[in-house]
Amino acid sequence: MKTEKEKMLAGEMYNPSNPELMKDRENARRLVRMYNQTADTEGDKRTKLLKELLGSTGEHIKMEPNIRFDYGCNTYVGENFFANFDCTILDVCEVRFGDNCMLGPSVQIYTATHPLHPAERNSGKEYAKPITFGDNVWIGGGAIINPGVVVGNNVVIASGAVVTKNVPDNVVVGGNPAKVIKQIEV
Ligand SMILES: CC(=O)SCCNC(=O)CCNC(=O)[C@H](O)C(C)(C)COP(=O)(O)OP(=O)(O)OC[C@H]1O[C@@H](n2cnc3c(N)ncnc32)[C@H](O)[C@@H]1OP(=O)(O)O
């Protein structure tokens with residue numbers, strides 16, 4: 001039989017009050033709190049904390065405080081990752097970034113979701129869908145990425161976009177819901 005954690009990562013309905021999951025979230029909050037209390041002069045400490053918090057990182061990673069994660073360990077970032085202030089990643093399912101990805105301020109990435117039917121939602125059970133980004137993705141400030149979205153390579157997501165569907169390679173998308181604004185010749 002699957003554990004609640006295995007169900008969660010598989011995108012199935014799971015119980016978030018499960019003790020193992022609560023412990024994982026407490027650990028993430030501890031590391032996030034330490035990170036958000038660091039000074040700008042403590043670059044090495046920030047890198048060390050991010051490497052402890054996240055599932056994996058490249059050599060070069062920078063995130064401006066404050067950061068927020070549900071688990072941290074379910075987020076995997078490639079080489080040269082940068083996130084500006086106030087990045088929120090609800091990584092109930094996996095969030096994966098390729099290389100050279102850059103996030104503007106207040107970007108929000110939500111794998112977490114809930115049943116639409118009120119009786120099912122009120123049961124307390126919930127589920128999530130993974131989110132994936134290719135290489136060379138720039139996400140503008142205030143963009144929201146919804147559960148289950150797959151973003152291609154060489155993509156620009158305009159500021160304030162709400163991305164609800166998959167995004168192909170080499171495009172700029174923007175708006176709510178986000179649509180292709182222009183192609184990028186690569
Ligand atoms: C890592 C960091 O810290 S980044 C710092 C934070 N900075 C940002 O978040 C800025 C993000 N930049 C943007 O959103 C820009 O608008 C870009 C990069 C997406 C597009 O820039 P450009 O290629 O110069 O596009 P341009 O200004 O020519 O606009 C093209 C069309 O898209 C529309 N558009 C531009 N930005 C947006 C937007 N954020 N949302 C919706 N539509 C937009 C324009 O109105 C225009 O529409 P039209 O053709 O009907 O007139």
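Heads up: numbering here begins at 1 and tracks the sequence.
- No option in Glu6, Lys7, Met8 other than Lys7 meets the side chain to side chain contact (heavy atoms under 4.5 Å, CB included) test with Glu4.
- Under the 4.5 Å side-chain criterion, counting only non-hydrogen atoms from C-beta, Val163 is in contact with Ile157.
- Closest of all the heavy-atom pairs between Ile61 and Gly58 is CG2-O, 4.5 Å.
- For the pair Glu42 (side chain) and Ala39 (backbone), a donor-acceptor distance under 3.5 Å is present.
- The side-chain heavy atoms of Pro115 and Met13, taken from C-beta on, include a pair separated by under 4.5 Å.
- Minimum interatomic distance between Asp99 and Asp135 (heavy atoms only, all atoms of both residues): N-OD1, 2.7 Å.
- When all heavy atoms of Gly98 and Cys101 are compared, the pair lying nearest together is O-SG, 3.8 Å.
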Q | Derivation of the side-chain contact (heavy atoms from CB on, under 4.5 Å) call for Phe82 and Glu64 | A | CA-CA 8 Å; Phe82 173 72; Glu64 297 288 358; 4.1 Å; yes

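- Using a 4.5 Å heavy-atom cutoff, the side chains of Pro105 and Asp86 are not in contact.
- With respect to Glu126 and Arg121, no salt bridge is recorded, no charged nitrogen being found less than 4.0 Å from a carboxylate O.
- Between Lys45 and Lys48, every side-chain heavy-atom pair lies at or beyond the 4.5 Å cut-off.
- Separating the OG atom in Ser56 from the CZ atom in Arg96 is a distance of 6.5 Å, to the nearest 0.5 Å.
- Heavy atoms only, all atoms of each residue included: Val173 and Ala161 are closest at O-CB, 4.5 Å.
- A continuous path of Ile, Leu, Val, Met, Phe, Trp and Tyr side chains, each step under 4.5 Å between heavy atoms, connects Tyr35 with Phe97, placing both in one hydrophobic cluster.
- No hydrogens or angles considered: a donor-acceptor pair under 3.5 Å links the side chains of Asn80 and Asn100.
- Contact check for Asn84 versus Leu103: no side-chain heavy atoms found under the 4.5 Å cut-off.
- Heavy atoms only, all atoms of each residue included: Ala112 and Pro147 are closest at O-CG, 3.5 Å.
- The side chain to side chain contact (heavy atoms under 4.5 Å, CB included) test with Ile109 singles out one residue from Ile89, Thr88, Leu90, and that residue is Ile89.
- Between the CG atom of Leu21 and the NZ atom of Lys5 there is a distance of 7.0 Å, given to the nearest 0.5 Å.
- The same ILVMFWY cluster, assembled from side-chain heavy atoms under 4.5 Å apart, contains both Tyr14 and Leu9.
- Side-chain atoms of Thr111 come within 3.5 Å of backbone atoms of Val92 as a donor-acceptor pair (strictly under, hydrogens ignored).
- Ion pairing of Arg46 with Asp40 is present here, as a side-chain N (NZ or NE/NH1/NH2) and a carboxylate O approach within less than 4.0 Å.
- The CD atom of Glu12 sits 9.5 Å away from the SG atom of Cys93 when rounded to the nearest 0.5 Å.
- Salt-bridge annotation for Glu26 and Lys23: absent, with no side-chain N of the basic residue lying under 4.0 Å from a carboxylate O of the acidic one.
- Remark: Asn27 CG to Arg30 CZ distance equals 4.5 Å, nearest 0.5 Å.
- Taken together through direct or relayed side-chain contacts under 4.5 Å among Ile, Leu, Val, Met, Phe, Trp and Tyr, Tyr71 and Phe133 form parts of separate hydrophobic clusters.
- Contact check for Phe69 versus Asn74: no side-chain heavy atoms found under the 4.5 Å cut-off.
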Q | Chi angles and distances behind the side-chain contact (heavy atoms from CB on, under 4.5 Å) call for Phe85, Asn66 | A | CA-CA 6 Å; Phe85 309 107; Asn66 289 337; over 6 Å; no

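- Counting heavy-atom neighbours within 6.0 Å of Asp44 CG, excluding the residue itself, gives a total of 12 or less.
- Both Val156 and Val186 belong to a common hydrophobic cluster when Ile, Leu, Val, Met, Phe, Trp and Tyr are linked at side-chain heavy-atom distances under 4.5 angstrom.
- Side-chain N/O atoms of Thr57 and Lys51 include a donor and acceptor closer than 3.5 Å.
- Side chains of Asn136 and Asn153: a donor-acceptor N/O pair is absent below 3.5 angstrom, by distance only.
- Hydrophobic clustering, with ILVMFWY side chains joined whenever heavy atoms are under 4.5 angstrom apart, keeps Ile131 apart from Tyr76.
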(Q) Between Ile145 and Tyr110, does the side-chain contact (heavy atoms from CB on, under 4.5 Å) criterion hold? Intermediate values first, please. (A) CA-CA 6 Å; Ile145 317 299; Tyr110 304 148; over 6 Å; no

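- In this structure, Thr47 contributes its side chain and Gly43 its backbone to a donor-acceptor pair below 3.5 Å.
- With Glu79 contributing its side chain and His60 its backbone, the two residues share a donor-acceptor pair below 3.5 Å.
- Rounding to the nearest 0.5 Å gives a distance of 11.0 Å between CZ of Arg29 and CG of Asp24.
- For the pair Met22 and Pro16, the tightest heavy-atom approach, listed with the atom from each and the gap, is CG-O, 3.8 Å.
- Looking at Met102 and Val137, their side chains never come closer than 4.5 Å, going by heavy atoms from C-beta outward.
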Q) Val180 and Val172: side-chain contact (heavy atoms from CB on, under 4.5 Å), yes or no, with the steps? A) CA-CA 6 Å; Val180 173; Val172 180; over 6 Å; no

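- Separating the CG atom in Asn154 from the CH2 atom in Trp138 is a distance of 14.0 Å, to the nearest 0.5 Å.
- In terms of the salt bridge (charged side-chain N to carboxylate O under 4.0 Å, His left out) criterion, Arg68 has no residue partners (sequence neighbours excluded).
- Every residue two or more places apart in sequence or in another chain was checked for a salt bridge (charged side-chain N to carboxylate O under 4.0 Å, His left out) with Asp91, and none qualifies.
- Side-chain contact between Val32 and Leu53 is present, with heavy atoms from C-beta onward closer than 4.5 Å.
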